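Report on the following structure.
Remember, it's a predicted structure, so these values are computed and weren't measured experimentally. These values consider heavy atoms only, across backbone and side chains, with no hydrogens, waters or symmetry-generated copies.
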Amino acid sequence: MSTLLEISNVEIDFHTRRELVHAVQGVSLDLDRGDVLGIVGESGSGKSVTALSIMQLLPSPPAIIKGGSIHFYQQDKAEPTDLLKLQKNEIQQIRGKKIAMIFQEPMTSLNPVFTCGSQVAEMLMLHKKLKTAEAKSQTLELFNKVGLPDPNRIYKAYPHQLSGGQKQRVMIAMAISCEPDLLIADEPTTALDVTVQKTILDLLLKLKEESGLSMIFISHDLGVIAEICNKVVVMRNGKVVEHGEVKQVLNSPEHAYTKGLLACRPTLNHKLKRLPTISDYVEKESVKAKVISKKEIEVRNHALADQAPILKVENLLVRYPSRKNWYGKTLEWLHAVDSVSFDVYPGETFGLAGESGCGKTSLGRAIARLTQAHSGTIRYEKNSLLELSEEAFKPFRKEIQVVFQDPYSSLNPRMTVGEAIMEPMKVHNLYENKSERQEKTIELLQTVGLEADHFKRYPHEFSGGQRQRICIARALSLDPKFLICDEMVSALDVSVQATILNLLMDLQDQYGLTYLFISHDLSVIKQMCDRLMVMNNGKVEALGIVEEVFDAPPTPYVRRLIESIPEI
């Protein structure tokens with residue numbers, strides 16, 4: 001095989017107001033034609049910065065490339081091209097045409113004011129010099145190639161009118177439109193549910209086989225890396241700590257950090273008392289996680305079921321208008337939650353799983369009265385929540401709290417962390433004065449593993465995992481009994497995910513919390529939950545003890561969900 005890309009001793013610094021950050025420190029790696037190279041590591045390890053430097057997409061300043069070279073071997077040129085030395089007009093001839101990139105979040109990568117088709121067609125007109133009609137024809141062919149339903153409709157649709165998986169397919173169509181030699185995929189499946197993730201991975205592998213496409217695939221999920229890559233590089237703190245063939249590195253890791261990444265990933269095989277973390281492996285010579293026995297699981301489930309339910313949902317219906325006439329009258333309804341019934345017991349972690357659009361989030365929001373339910377009953381303890389006025393429901397907002405998927409958009413960027421946590425206390429008239437609220441806030445920050453001096457910092461100064469801890473602290477500020485966790489770890493890397501899941505288990509033991517845990521990741525559900533309800537098109541597909549649902553999937557849909565989880 002011939003070499004396609006060769007990165008040698010690249011060093012990248014970021015100049016911030018507070019400090020100089022060495023984001024990439026002497027990274028070297030190479031990629032052969034036809035290979036798929038995986039880059040794994042925690043957030044902040046330097047993997048995305050390394051990938052962005054290949055296409056000169058780093059903002060300068062604050063990013064400064066101090067040294068090194070990135071040689072790109074083009075078949076029509078005798079000598080390799082050092083991408084770091086190209087001028088702006090020169091890199092534009094390569095960017096998108098020879099090297100393409102799929103970004104992590106398709107919603108922010110696609111322009112919201114242009115149709116999806118016009119954005120892909122623009123690439124073809126720019127790089128292939130096609131006329132409008134020909135560019136449209138090729139775009140429709142690309143949409144069909146990446147498996148988008150009804151390409152003509154997608155061509156005219158705006159990004160907000162598509163699902164996450166469909167937007168990601170549009171991004172893939174755009175990336176492969178000019179038949180590049182190298183495709184860089186930066187966390188392309190992170191926030192997607194397992195079945196959509198599997199279809200995207202299968203699509204990328206199919207494109208690789210058909211066109212001999214070479215790929216750099218960035219992910220924090222080692223299961224995904226095992227499924228799509230043949231070589232892997234493990235990065236930590238801007239450095240390469242381990243590299244080699246995927247099977248060799250994942251089956252027999254040598255570095256403690258790689259062992260930690262593998263160990264902190266939840267598995268379908270068993271449930272642990274506590275998930276191992278990266279720090280456990282870096283700081284200790286050996287780590288042994290304690291597996292919860294089947295007997296312990298049975299005893300806990302019996303103890304939970306002997307109580308009266310804290311939440312009882314019966315025949316709940318949540319619907320949204322799907323088609324209206326010129327006068328605004330609804331002609332058709334979409335039943336997001338269709339006649340759903342279940343109970344949740346005090347101290348239980350009740351899992352809610354299913355594909356995107358199955359109704360999980362609508363159900364959770366309806367319980368918290370953030371979405372209006374059309375019919376049915378929701379009983380919390382002995383109170384029928386849907387019959388209460390907003391004023392009468394206000395006391396229950398203290399007891400039923402929600403932790404959302406995206407912690408950054410959940411926090412006001414203009415408020416300090418301390419103010420954000422204190423605000424609910426002030427609204428509900430908790431504690432005598434501001435001083436007592438500040439004292440409680442600092443206590444909560446320390447409870448979730450943050451520092452007292454974080455009180456005066458703003459959300460943008462924290463990592464994703466730290467922001468999620470802040471959201472948990474804010475939810476706990478009202479001393480709730482019932483916490484709705486809506487995909488709260490889906491966008492976090494596995495090491496941060498493990499610390500957040502451990503924190504949730506500790507808080508449940510400490511405060512006696514009850515969780516409604518919504519997730520598309522069934523391995524996380526298996527680790528966290530006592531019982532599980534699987535939803536499909538708004539209806540209940542399966543309901544029961546987690547181990548029973550996993551061991552004997554009751555329907556082909558549930559079996560497909562379980563089989564879609566990438567395993568190492």
Side-chain angles (χ1 to χ4, degrees), residues 193 301 304-324 329-397 399-402 480-487 514-520 522 525 529-546 548-549 553-558 561:
D193 63 59
N301 282 318
L304 291 170
D306 284 342
Q307 308 171 92
I310 189 173
L311 182 78
K312 193 175 185 68
V313 177
E314 293 182 322
N315 299 317
L316 188 67
L317 176 63
V318 179
R319 65 182 190 178
Y320 303 107
S322 61
R323 190 164 69 90
K324 294 183 178 182
K329 183 180 178 181
T330 300
L331 301 177
E332 290 181 9
W333 294 90
L334 171 67
H335 288 194
V337 180
D338 194 353
S339 302
V340 169
S341 301
F342 64 97
D343 299 335
V344 181
Y345 299 106
E348 181 180 26
T349 301
F350 186 89
L352 198 53
E355 295 176 299
S356 297
C358 70
K360 323 185 283 293
T361 295
S362 293
L363 176 55
R365 292 176 66 88
I367 293 168
R369 292 254 311 235
L370 298 176
T371 292
Q372 185 176 359
H374 178 69
S375 63
T377 59
I378 300 173
R379 290 192 173 276
Y380 177 75
E381 294 181 329
K382 294 182 180 180
N383 305 280
S384 183
L385 300 184
L386 298 184
E387 296 175 4
L388 300 177
S389 65
E390 183 55 41
E391 186 64 28
F393 182 71
K394 186 177 178 180
F396 293 98
R397 292 207 181 276
E399 296 197 17
I400 302 172
Q401 286 287 298
V402 184
K481 292 182 182 177
F482 193 92
L483 218 58
I484 300 171
C485 304
D486 187 6
E487 299 278 13
T514 304
Y515 295 137
L516 177 66
F517 196 90
I518 302 171
S519 179
H520 63 250
L522 291 179
I525 290 279
C529 301
D530 301 296
R531 286 187 301 143
L532 168 64
M533 183 168 80
V534 181
M535 293 184 67
N536 182 19
N537 294 326
K539 295 181 179 291
V540 177
E541 188 81 17
L543 175 61
I545 294 169
V546 168
E548 293 176 356
V549 173
T555 66
Y557 174 79
V558 179
L561 284 179

Note: Glu387-Arg379 ion pair, threshold 4.0 Å (strictly below):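 No, this pair does not count.
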
[X] side chain to [Y] main-chain N or O, any donor-acceptor pair under 3.5 Å?
| X | Y | answer |
| --- | --- | --- |
| Asp343 | Lys312 | no |
| Arg319 | Asp338 | no |
| Ser339 | Asn315 | no |
| Glu399 | Phe482 | no |

In terms of ring plane angle, is the pair Tyr380 and Phe396 parallel, tilted or perpendicular, where the classes change at 30° and 60°?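 Ring orientation of Tyr380 relative to Phe396: perpendicular.
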
Could you list the residues that satisfy side chain to side chain donor-acceptor pair (under 3.5 Å) with Arg531, not counting sequence neighbours?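 Arg531 satisfies side chain to side chain donor-acceptor pair (under 3.5 Å) with Glu348 once adjacent residues are dropped.
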
From [atom1] ([X]) to [atom2] ([Y]), nearest 0.5 Å:
| X | Y | atom1 | atom2 | result |
| --- | --- | --- | --- | --- |
| Ile400 | Leu370 | CD1 | CG | 10.0 Å |
| Ile484 | Thr514 | CD1 | OG1 | 11.5 Å |
| Ser362 | Leu316 | OG | CG | 10.0 Å |

Within 6.0 angstrom of [X] [atom1], more than 12 heavy atoms from elsewhere:
| X | atom1 | value |
| --- | --- | --- |
| Glu332 | CD | yes |
| Asn301 | CG | yes |
| Gln307 | CD | yes |
| Glu314 | CD | yes |

Which residues pass the salt bridge (charged side-chain N to carboxylate O under 4.0 Å, His left out) test with Asp486, not counting sequence neighbours? none

I need the minimum non-hydrogen distance between [X] and [Y], along with the two atoms involved.
| X | Y | answer |
| --- | --- | --- |
| Glu541 | Pro554 | O-CG, 4.4 Å |
| Ala542 | Val558 | CB-CG2, 3.9 Å |
| Phe393 | Arg369 | CZ-CG, 3.5 Å |

Identify which one of Leu543, Leu363, Ile518 satisfies the side chain to side chain contact (heavy atoms under 4.5 Å, CB included) criterion when paired with Met535. Leu363

